[in-house]
Amino acid sequence: MRDSIANNNKTFITEDFLLQSKFARKLYHGYASKLPIIDYHNHLSPSDIAENRAFENATRVWLDGDHYKWRAMRTFGVDEYYITGEATDKEKFQQWSQTVPYTVRNPLYHWTHLELQRYFDIPYLLTSQSSDYIYDHISETLKNESHYTVGLLDQMNTEVVCTTDDPTDTLKDHIKFGLKETSFKLLPTFRPDRIFQTDNPKLFIDYVNQLAEVSISTIHNYTDLIEAYRKRISYFHNSGCKLADHGLEKIYFFNIGAYDIESIFQKLKGHQDITEKEKQYFIFETLMHLCKEYHKKGWVQQFHLGALRNTNEKMLKTIGPDSGFDSIGDFPQAVSLSKFLNLLDTKDQLAKTIIYNLNPSYNEIFATMIGNFNTGSIKGKIQHGTAWWFLDQKDGIKKQLNALSHLSLLSCFIGMVTDSRSFLSFSRHEYFRRILCNLIAKDVKNGELPKDEKWLGKIITDVCYYNAKRYFEF
């Protein structure tokens with residue numbers, strides 16, 4: 001079977017993939033390729049890492065929870081039965097294998113074949129003809145401890161993994177992993193998004209009750225709510241947390257006191273609906289209080305802005321959120337974001353901040369926004385975060401890098417994250433590094449930069465690794 005596959009199915013992923021000049025190859029292989037990975041934002045399961053999970057087969061490690069692949073399969077006409085339904089794991093993989101050849105020019109085509117090589121040493125294209133061989137090969141390889149979760153991360157020379165965690169989480173998995181002798185750090189990230197979900201007052205109060213229980217508090221009013229969050233922030237901090245994260249459509253801004261925050265909270269507590277403006281004000285004031293606490297702790301705060309989530313109500317009810325039914329939104333960002341950051345800055349309470357943009361038409365807005373609050377106190381204090389989600393592809397990465405280069409300082413950038421639920425996604429750091437090296441080398445070829453290998457090599461190593469290490473103080 002292997003010989004028949006090899007005849008017509010050799011991969012296009014060579015050691016010089018995406019590197020279009022001799023100098024690009026020198027920069028990548030000489031400076032970027034062997035650097036450790038600091039993945040400061042992802043959605044990996046801390047439990048899977050702490051327990052060093054062994055995946056049962058190729059589908060479990062590659063398709064479970066991967067909404068990028070699910071969207072592609074749906075577009076190709078694959079029935080949901082073979083995606084999130086009751087089909088066998090082998091059947092699901094076969095359907096994915098039939099889809100892959102038709103993902104040409106989608107990043108999935110590159111990612112898929114990078115992952116096959118980097119994790120499983122498979123130098124073949126995934127097609128319906130190679131499906132059975134590749135499924136069996138991956139499934140057999142996964143039996144080795146080298147391909148349990150910890151081994152998969154070690155293979156990518158991972159140094160730090162920052163997961164995304166609800167404030168009510170006990171962090172028992174992080175604590176358990178921290179007691180072991182390990183090659184990388186597993187750290188939590190404080191993500192309080194659920195407190196902003198006020199469309200359903202009953203669910204909101206159920207969550208407030210969970211928060212009260214885990215913080216050993218009574219939450220009768222808004223002041224109690226903020227105090228409970230202070231306790232959780234301290235708990236996370238003592239457990240090694242250095243980052244907070246927020247997934248929002250946009251940052252809202254109001255004059256303080258524009259609405260009575262206590263009245264809003266009491267309405268929700270009484271299971272009453274609140275107006276759209278009251279929802280926005282609740283997000284604004286609560287986020288402001290949280291950001292002040294982050295500053296006190298010396299944390300980095302992240303804002304992932306611009307996603308239009310859960311657009312398909314039928315599928316949301318059927319299979320739940322984070323299933324591939326989100327898209328880029330067109331929410332206005334500049335004015336309210338500027339005013340919010342300014343409010344914190346004028347009170348000397350603006351923490352290190354990363355703002356991630358999902359709408360490519362706003363790249364230049366974000367790249368200029370960071371300069372408004374970089375005051376020289378900290379190198380690259382305010383960051384235009386890496387291309388994420390729908391922009392995490394060759395063109396999107398280049399556009400983010402170009403906007404950042406032209407309007408700020410690429411040399412101060414803290415680089416790539418996976419933002420993924422997949423343990424096979426860490427090859428995306430390689431993808432980013434190859435694109436970066438090729439971009440710099442192209443400028444040299446065009447006579448726009450001097451051909452100074454050591455100088456440019458240092459900038460590349462800083463962007464790929466050292467800037468993040470210094471920024472987060474890992």
Side-chain angles (χ1 to χ4, degrees), residues 18 20 40-43 66-72 75 103-111 245-252 302-312 322 324-338 340-341 353-374 380 382-420 425 428-440 442-443 463-464:
L18 296 180
Q20 298 171 339
Y40 54 89
H41 175 70
N42 60 69
H43 299 273
D66 195 333
H67 53 77
Y68 289 87
K69 295 183 177 73
W70 295 351
R71 283 171 69 93
T75 301
T103 63
V104 290
R105 303 201 79 236
N106 185 287
L108 284 168
Y109 196 72
H110 286 167
W111 293 348
D245 184 44
H246 310 82
L248 300 166
E249 293 179 349
K250 60 176 289 186
I251 297 288
Y252 297 103
Q302 303 174 92
F303 301 110
H304 284 82
L305 305 175
L308 186 63
R309 299 175 188 269
N310 301 320
T311 60
N312 189 318
D322 303 320
F325 298 96
D326 314 294
S327 61
I328 294 172
D330 57 353
F331 313 102
Q333 301 286 354
V335 173
S336 57
L337 175 58
S338 176
F340 185 83
L341 295 177
T353 303
I354 310 170
I355 49 174
Y356 300 87
N357 167 48
L358 193 57
N359 189 325
S361 66
Y362 292 157
N363 274 339
E364 284 75 14
I365 289 174
F366 279 52
T368 55
M369 182 68 69
I370 64 175
N372 297 339
F373 302 99
N374 273 324
I382 314 299
Q383 292 277 331
H384 179 194
T386 190
W388 69 293
W389 205 340
F390 297 106
L391 305 186
D392 181 12
Q393 26 80 4
K394 185 159 66 77
D395 186 56
I397 290 171
K398 287 167 63 177
K399 284 180 177 176
Q400 187 271 347
L401 289 172
N402 283 331
L404 179 62
S405 300
H406 298 159
L407 300 168
S408 186
L409 297 183
L410 172 66
S411 58
C412 296
F413 182 40
I414 57 173
M416 181 66 174
V417 294
T418 61
D419 188 29
S420 175
S425 66
R428 294 182 199 174
H429 282 268
E430 175 186 339
Y431 196 60
F432 168 85
R433 291 172 180 184
R434 288 175 178 273
I435 292 168
L436 173 65
C437 290
N438 196 65
L439 197 66
I440 296 294
K442 187 176 180 181
D443 284 349
V463 171
C464 294

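Sequential numbering from 1 along the given sequence is applied to the chain's residues.
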Atom of [X], atom of [Y] and distance for their closest heavy-atom approach:
X: Phe340; Y: Tyr252; result: CD1-O, 3.9 Å
X: Gly329; Y: Asn359; result: O-ND2, 3.0 Å
X: Leu337; Y: Ile251; result: CD1-CG1, 3.8 Å
X: Thr386; Y: Gly415; result: CB-O, 3.5 Å
X: Ala387; Y: Gly396; result: CB-O, 3.7 Å
X: Ala403; Y: Ala367; result: O-CB, 3.6 Å

Return the [atom1] to [atom2] distance between [X] and [Y], rounded to the nearest 0.5 Å.
X: Leu404; Y: Ser411; atom1: CG; atom2: OG; result: 9.0 Å
X: Met416; Y: His41; atom1: CE; atom2: NE2; result: 11.0 Å
X: Leu248; Y: Arg309; atom1: CG; atom2: CZ; result: 8.5 Å
X: Leu409; Y: Asn374; atom1: CG; atom2: CG; result: 8.5 Å
X: Ile435; Y: Gln393; atom1: CD1; atom2: CD; result: 8.5 Å
X: Leu18; Y: Leu439; atom1: CG; atom2: CG; result: 12.0 Å

Among residues at least two apart in sequence or on other chains, which ones pass salt bridge (Lys or Arg N to Asp or Glu O under 4.0 Å) with [X]?
X: Asp330; result: none
X: Asp66; result: Lys69
X: Asp395; result: Lys399

Pairwise side-chain contact, [X] with [Y], heavy-atom cut-off 4.5 Å (strictly under):
X: Tyr40; Y: Gln302; value: yes
X: Asp392; Y: Pro107; value: no
X: Leu407; Y: Glu364; value: yes
X: Leu358; Y: Leu305; value: no
X: Leu436; Y: Leu401; value: yes
X: Leu410; Y: Ile440; value: yes
X: Arg433; Y: Val463; value: no
X: Ile370; Y: Gln383; value: no

Parallel, tilted or perpendicular: rings of His304 and Trp388 (30°, 60°): perpendicular
Plane angle bin for Tyr362 and Phe366 - parallel if under 30°, tilted between 30 and 60°, otherwise perpendicular: parallel
So does [Y] get a backbone contact from the side chain of [X], meaning a donor-acceptor N/O pair under 3.5 Å?
X: Gln333; Y: Glu249; result: yes
X: Thr353; Y: Ile382; result: no
X: Ser338; Y: Val335; result: no
X: Asp326; Y: Asn310; result: yes
X: Gln400; Y: Gly385; result: yes
X: Asn42; Y: Asp419; result: no
X: Ser425; Y: Ser420; result: no

CA sep, side-chain torsions, deciding dist, call: Phe413, His384, side chain to side chain contact (heavy atoms under 4.5 Å, CB included): CA-CA 8 Å; Phe413 182 40; His384 179 194; 6.0 Å; no
Tyr68 vs Trp111, ring pair (Phe, Tyr, Trp, His ring centres under 6.0 Å): CA-CA, chis, key distance, verdict: CA-CA 11 Å; Tyr68 289 87; Trp111 293 348; 5.5 Å; yes
Contacts of His429 that satisfy ring pair (Phe, Tyr, Trp, His ring centres under 6.0 Å) - sequence neighbours left out: none
Any residue meeting side chain to side chain donor-acceptor pair (under 3.5 Å) with Glu430, in chain and number order, not counting sequence neighbours: Arg118, Arg434
side-chain hydrogen bond (donor to acceptor under 3.5 Å, both in side chains) pairs, two or more places apart, involving residues 401-410: none
